[in-house]
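Below you'll find the structure, written out as structure tokens, and then a few comments.
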Amino acid sequence: MPGSADPGVLARAVAGDDAAFAALVKPHQRAVFRHCYRMLGSGADAEDATQDTLERAWRRLGTYDGSGAFGGWLQRIATNICLDGLRARRTRIGPASYGPPMAPGTMPGPPDPELAWVEPVSDSDLRGTGDPQDEVVRREEISLAFVAALQRLAPRQRAALLLHDVLAFTHAEVGEVLGVSASAVNSLLSRARESVRATAGRPQPDMSEPRVRQFLERYVRAWQLADIEEFVRLIAEDIRFSMPPLTAWFDGRETVGAFVENAIFAPHRPHGIALRAGWCNGQPAFANYEPDSQGRLVASGLQVLQLADVDGQPLITALVSYRDPALAIRCGLPPALP
């Protein structure tokens, strides 16, 4: 049947052949990581959960009878690994979701060490060669906003939504994984969909369009020149700007523009801020670089942009500026510029 494991490879893997097991799981490993990332909101946590899934699959391989999709069997294991992990972890907070926005003219305070934040991952981690699902991964199903919205759900609601609406498990299969009835699955899905729908943003433009590429080039120039007037032209009226791990966030074009001018652009004139482009969560992302004590330009953080078509033109509706250079490096951007 489609998606089932090759009987010969499966038999060798069950007999203890490491190479056969590696061949069996390799086509599905990226999809397992993607599922774990959506469940947990962190690339590092998703990597750990993916490895735990593979280890558990190796130990329990004899229980797979070959009658269903092998990838689905792995996703069942991954779901339970993630649910177990969520019992011991703090809930990750999405950008611009902690408390009310900052008042105009105020400055952020220090980060709260007790909070854990949703983190972006590179597109190469989410989309890879050899993954049978790669061609059908939709941007909205890996966007930072979607992953953050998932973290607001109770763990079983999160799992039900992902298994049914994203991975196309049937109601009966979801109920089997979660150990609940079909009516309970319907209830979990109804509450989850209502919550996620309430946080959904406007549709994003096609990122391959020339107008979007030109728009992103303007964004880079605005930072390089510390040009606040150009920056303000690129952001939506209802933009949200956040800076994890700082809890402060800003709402609205006027407030965001004032903060960026006073706290970021003005101190960096006349040299501006260098950016390098990448992609995270299916969205444009930029590492920003600042001089260190030796004058080298080193990564100081990672920006992830959410775009939407507003009155026929692309504008930035959310800007998340992570103040952690390790995230930029993890997303494949250089730690320093030559």
Side-chain angles (χ1 to χ4, degrees), residues 41-43 92-99 101-102 104 106-112 115-122 143-145 147-148 201 215-216 218-228 230-232 234-236 238-269 272-291 297-308 315-335 337:
S42 158
R92 288 189 174 269
I93 297 173
S97 64
Y98 186 79
M102 296 286 285
T106 55
M107 295 297 289
D112 185 339
L115 299 178
W117 296 88
V118 174
E119 296 175 350
V121 293
S122 70
S143 73
L144 195 60
V147 175
F215 177 89
L216 296 176
R218 290 172 59 196
Y219 182 79
V220 171
R221 286 197 299 273
W223 282 78
Q224 289 173 335
L225 299 174
D227 184 345
I228 191 61
E230 176 71 344
F231 174 81
V232 168
L234 301 176
I235 61 178
D238 58 351
I239 186 174
R240 291 186 166 193
F241 176 69
S242 54
M243 298 167 288
L246 303 183
T247 58
W249 61 281
F250 297 88
D251 187 25
R253 177 184 286 151
E254 183 177 350
T255 303
V256 170
F259 175 77
V260 170
E261 165 62 14
N262 296 328
I264 302 175
F265 280 7
H268 284 88
R269 291 194 184 100
I273 301 169
L275 302 183
R276 287 295 180 274
W279 292 89
C280 294
N281 295 73
Q283 299 169 235
F286 299 89
N288 38 275
Y289 295 83
E290 298 184 34
L297 286 176
V298 297
S300 57
L302 177 73
Q303 303 176 20
V304 183
L305 278 55
Q306 180 173 320
L307 306 184
L315 289 177
I316 300 164
T317 56
L319 171 54
V320 187
S321 182
Y322 289 90
R323 298 164 61 90
D324 182 358
L327 281 176
I329 296 166
R330 179 186 176 86
C331 287
L333 291 155
L337 297 182

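For this chain, numbers begin at 1 and follow the sequence in order. Just so it is clear, the structure is predicted and the values come from calculations on it, not from any experiment.
In this structure, Phe231 and Ile316 have side chains that are not in contact, with every pair of non-hydrogen atoms separated by 4.5 Å or more. The shortest side-chain heavy-atom distance between Arg323 and Pro245 falls under the 4.5 Å cut-off. No side-chain heavy atom of Thr255 sits less than 4.5 Å from a side-chain heavy atom of Met102. Between Trp117 and Thr247 the shortest side-chain heavy-atom distance falls below 4.5 Å. In this structure the side chain of Ile239 never reaches within 4.5 angstrom of the side chain of Phe250, judged on heavy atoms. Inter-residue side-chain proximity for Asp112 and Tyr98 is flagged as met; some heavy-atom pair is nearer than 4.5 Å. Counting heavy atoms from C-beta on, the side chains of Pro284 and Trp279 come closer than 4.5 Å. Side-chain contact between Asp227 and Arg218: absent, with no pair of heavy atoms (C-beta onward) separated by less than 4.5 Å.
Within the 3.5 Å criterion, the main-chain N or O of Ala145 finds no donor-acceptor partner in the side chain of Gln306. Looking at Asn281, its side chain never comes within 3.5 Å of a backbone N or O of Gln283 through a donor-acceptor pair. Checked by atom type and distance alone, the side chain of Tyr289 never pairs as donor or acceptor with a backbone atom of Arg276 at under 3.5 Å.
The CD atom of Glu261 sits 4.0 Å away from the CZ atom of Arg269 when rounded to the nearest 0.5 Å. Taking CG from Leu225 and NE2 from His268, the interatomic distance works out to 14.0 Å, rounded to the nearest 0.5 Å. Put simply, CG on Leu307 and OG1 on Thr317 are 7.0 Å apart, with the number rounded to the nearest 0.5 Å. Rounding to the nearest 0.5 angstrom, the gap separating the OG atom in Ser321 from the CE atom in Met243 is 7.5 Å. Put simply, OH on Tyr219 and CD on Gln303 are 3.5 Å apart, with the number rounded to the nearest 0.5 Å.
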Legend entry - Test side chain to side chain contact (heavy atoms under 4.5 Å, CB included) applied to Asp251 and Arg240, step by step: CA-CA 5 Å; Asp251 187 25; Arg240 291 186 166 193; 3.7 Å; yes
Inset, instruction - Please assess Ile273 against Ile264 for the test side chain to side chain contact (heavy atoms under 4.5 Å, CB included), listing each intermediate value before the final yes or no. - result: CA-CA 9 Å; Ile273 301 169; Ile264 302 175; 3.5 Å; yes
Inset, instruction - Go through Glu119 and Leu327 one step at a time and tell me if the side chain to side chain contact (heavy atoms under 4.5 Å, CB included) criterion holds. - result: CA-CA 8 Å; Glu119 296 175 350; Leu327 281 176; 4.0 Å; yes
Inset, instruction - Could you walk me through whether Leu305 and Phe286 pass side chain to side chain contact (heavy atoms under 4.5 Å, CB included), step by step? - result: CA-CA 8 Å; Leu305 278 55; Phe286 299 89; 3.9 Å; yes
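Looking at every heavy atom in both residues, Cys280 comes nearest to Leu302 through SG-CD2, 4.1 Å. Nearest heavy atom pair, residue Trp249 against residue Ser242, reads CB-CB, 3.8 Å. Considering every non-hydrogen atom in both Gly43 and Val121, the closest pair reads CA-CG1, 3.4 Å. In terms of heavy atoms, Leu337 sits closest to Ala274 at CD1-CB, 4.0 Å. Residue Ile329 comes nearest to Pro335 through the heavy atom pair CD1-CB, 3.7 Å, listed as atom of the first residue, atom of the second, then distance. Closest non-hydrogen pair, Ala148 versus Pro95, comes out as CB-CD, 4.1 Å.
Using the six-membered ring where Trp is involved, Phe265 and Trp223 have ring planes that are perpendicular, over 60° apart on the 30 and 60° scheme.
Within a 6.0 Å sphere centred on CD of Glu254, other residues, nucleotides and ligands contribute 12 heavy atoms or fewer.
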